[in-house]
2 protein chains.
Amino acid sequence: MAASGSTVSSPSVEDVLAQLRARGGRVTTARRQLLEALFDSTEHRTAEGLAAEVQSRAPDVHISTIYRNLDELERLGVVVHTHLGHGPATYHLSSVAHSHLVCELCGMAIEAPDELFRELASGAQDRYGFRIDPRHFAVLGRCRACSGATS
Amino acid sequence: MAASGSTVSSPSVEDVLAQLRARGGRVTTARRQLLEALFDSTEHRTAEGLAAEVQSRAPDVHISTIYRNLDELERLGVVVHTHLGHGPATYHLSSVAHSHLVCELCGMAIEAPDELFRELASGAQDRYGFRIDPRHFAVLGRCRACSGATS
DNA sequence: GTGCTTGCAAACGTTTTGCAGACTC
DNA sequence: GAGTCTGCAAAACGTTTGCAAGCAC
């Protein structure tokens, strides 16, 4: 669907709000604050963390509203979420989406460029017709520090 | 790595039970049935699915026992679990462990040989000293069928 | 008999849902 | 005023835990 949809170059808070309005959506405090929190940093943030940040400015915003809006923003292509092993999912702007190498021992996350996945991508495509989406999952393993640790 | 410990070539139900006994553990119905369920097929099974199978033979086995034993078996190196995107974790014998390509639309899973990850593995190692564990996460993307579907 | 294992029930952390009221347009 | 969004509370989901009774050794 969405003939042109994936023009994913998240521009600014106001641009996204305009996008929402164009779709018949309303611009609310919760939405503006959530977007501001998201644009604030490129870190992986959990729904809970985002909620805390939004609540520091608008205390009444409920976490269920955060989830609903993250969902909506994901549908719009503004945000993507990633599953980093166990624990909660993390969200970021799709414009700063990238892959992750997550240490299964200490939890440290390295941001990896897509090119690291080039071979995997073409291999999966050639053999299985499978198109990987390296931004939507985390690569688990052991970081340098933990690699020595438990043999 | 793993001096000797990971002699992971899960032989048979009885072998594993012997291993358990050697560690001071007890051989119980729940454990034997769980192992039999695991050895039964190489599919990815959820804790719930395994519980159902065990319960069909030993109705009183509680799912918490399944979790506890899967945990223990994982500590023994007999079993590994994987996170396939959303939803529950899946478990399988480490002797048949493999990587997965999971379609984020239809959920279909393809079992991928480790060699597909060779480049990614060496790239991550060289650049970041990160040793990937391709069996412990799923590669999300779109399968051939769904790839045509949504743009 | 010792002490590892179990069933149960209850709690956990994350996410989703139903609903009536509040708000944006 | 119409219809979208919200807060709240409660449920859903997968998983973990505390406990007393039960079983393997």
Side-chain angles (χ1 to χ4, degrees), chain A residues 13-14 16-35 37 44-52 54-76 79-91 107 138, chain B residues 13-14 16-35 37 44-52 54-76 79-91 107 138:
Chain A
V13 173
E14 292 309 320
V16 177
L17 290 175
Q19 230 184 112
L20 270 169
R21 208 161 359 216
R23 285 195 33 181
R26 271 95 214 247
V27 173
T28 65
T29 307
R31 284 184 175 165
R32 194 187 298 273
Q33 292 300 338
L34 174 57
L35 281 168
H44 345 80
R45 339 275 283 279
T46 62
E48 195 177 35
L50 287 162
V54 168
Q55 282 158 3
S56 76
R57 265 166 273 203
D60 283 342
V61 173
H62 198 269
I63 189 148
S64 67
T65 299
I66 300 291
Y67 278 110
R68 280 192 275 231
N69 282 327
L70 284 171
D71 236 51
E72 174 95 31
L73 290 172
E74 194 150 19
R75 231 171 289 128
L76 250 75
V79 158
V80 293
H81 78 273
T82 311
H83 305 284
L84 265 47
H86 310 126
T90 62
Y91 298 81
Chain B
V13 173
E14 291 309 321
V16 177
L17 290 175
Q19 231 182 112
L20 270 169
R21 208 162 358 218
R23 284 196 33 184
R26 269 96 214 244
V27 172
T28 65
T29 308
R31 284 183 175 166
R32 194 187 298 274
Q33 292 300 338
L34 174 57
L35 281 167
H44 345 81
R45 338 275 282 280
T46 62
E48 195 177 36
L50 287 163
V54 168
Q55 282 159 3
S56 77
R57 265 167 272 202
D60 284 342
V61 173
H62 198 268
I63 189 149
S64 66
T65 300
I66 301 290
Y67 278 110
R68 280 191 275 231
N69 282 328
L70 284 172
D71 237 51
E72 174 96 31
L73 290 172
E74 194 150 18
R75 230 170 290 127
L76 251 76
V79 158
V80 292
H81 78 275
T82 310
H83 304 284
L84 266 48
H86 309 127
T90 62
Y91 297 81

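Worth knowing before you read on, the calculation uses all heavy atoms, side chains too, and leaves out hydrogens, waters and symmetry mates. Order of the sequence lines sets the chain letters (A, B, ...), proteins ahead of strands, with each chain counted from 1.
The interatomic distance linking L70(A) (CG) with dC5(D) (P) rounds to 15 Å, in whole Å. The separation between R75(B) atom CZ and dT5(C) atom C1' is 13 Å, rounded to whole Å. Atom CG in N69(B) sits about 16 Å away from atom P in dC23(D), given to the nearest Å. Between the CZ atom of R21(B) and the C1' atom of dC25(D) there is a distance of 9 Å, rounded to whole Å. Residue R31(B) contributes atom CZ, which lies 10 Å from atom C1' of dT6(C) at whole-angstrom precision. Here dT15(C) presents its P atom at 11 Å from CG of L50(A), a figure rounded to the nearest Å. Taking atom CD on Q33(B) and atom P on dT6(C), their separation rounds to 12 Å, with Å as the unit. The interatomic distance linking D60(A) (CG) with dC5(D) (P) rounds to 19 Å, in whole Å.
Contact between the side-chain N/O atoms of T65(A) and the OP1/OP2 oxygens of dT6(D) is not found at any separation under 4.0 Å.
Remark: R23(B) engages E72(B) in a salt bridge (Lys or Arg N to Asp or Glu O under 4.0 Å) (not counting sequence neighbours). Qualifying side chain to side chain contact (heavy atoms under 4.5 Å, CB included) partners for A89(A), counting only residues two or more places apart in sequence or in other chains: H81(A), H83(A), Y91(A). Residues that satisfy the salt bridge (Lys or Arg N to Asp or Glu O under 4.0 Å) test with R68(B), not counting sequence neighbours, are absent from this structure. Residues forming a side chain to side chain contact (heavy atoms under 4.5 Å, CB included) with T90(A) (at least two apart in sequence, or on another chain): H44(A), T46(A), T82(A), L84(A), H92(A).
The heavy-atom pair separating R32(B) from E14(B) by the smallest distance is NH1-OE2, 2.7 Å. Between E48(B) and I63(B), the shortest heavy-atom contact is CA-CD1, 3.8 Å. Nearest heavy-atom pair across V54(B) and A37(B) is CG2-CB, 4.4 Å. What you find for L35(B) and L73(B) is that their closest heavy atoms are CD2-CD1, 3.9 Å. Taking both residues in full, the closest heavy atoms of A58(B) and Q33(B) are given as CB-CG, 4.4 Å, listed atom of the first, atom of the second, then distance.
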Polar-atom pairs under 3.5 Å, protein N or O versus N or O of nucleotides 15-21 of chain D: list them with distances, or write none.
| from | atom 1 | to | atom 2 | distance (Å) |
| --- | --- | --- | --- | --- |
| dT15(D) | OP1 | A89(B) | N | 3.1 |
| dT15(D) | OP2 | Y67(B) | OH | 2.5 |
| dT15(D) | O5' | Y67(B) | OH | 3.2 |
| dG18(D) | O6 | R68(B) | NH1 | 3.3 |

Every protein N/O lying under 3.5 Å from an N/O of nucleotides 1-3 of chain C:
| from | atom 1 | to | atom 2 | distance (Å) |
| --- | --- | --- | --- | --- |
| dG3(C) | N2 | R26(B) | NH1 | 2.9 |
| dG3(C) | N3 | R26(B) | NH1 | 3.4 |

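Each of T29(A) and T28(B) has a nearest nucleotide on DNA chain D; the 5'-most of these lies closest to T29(A).
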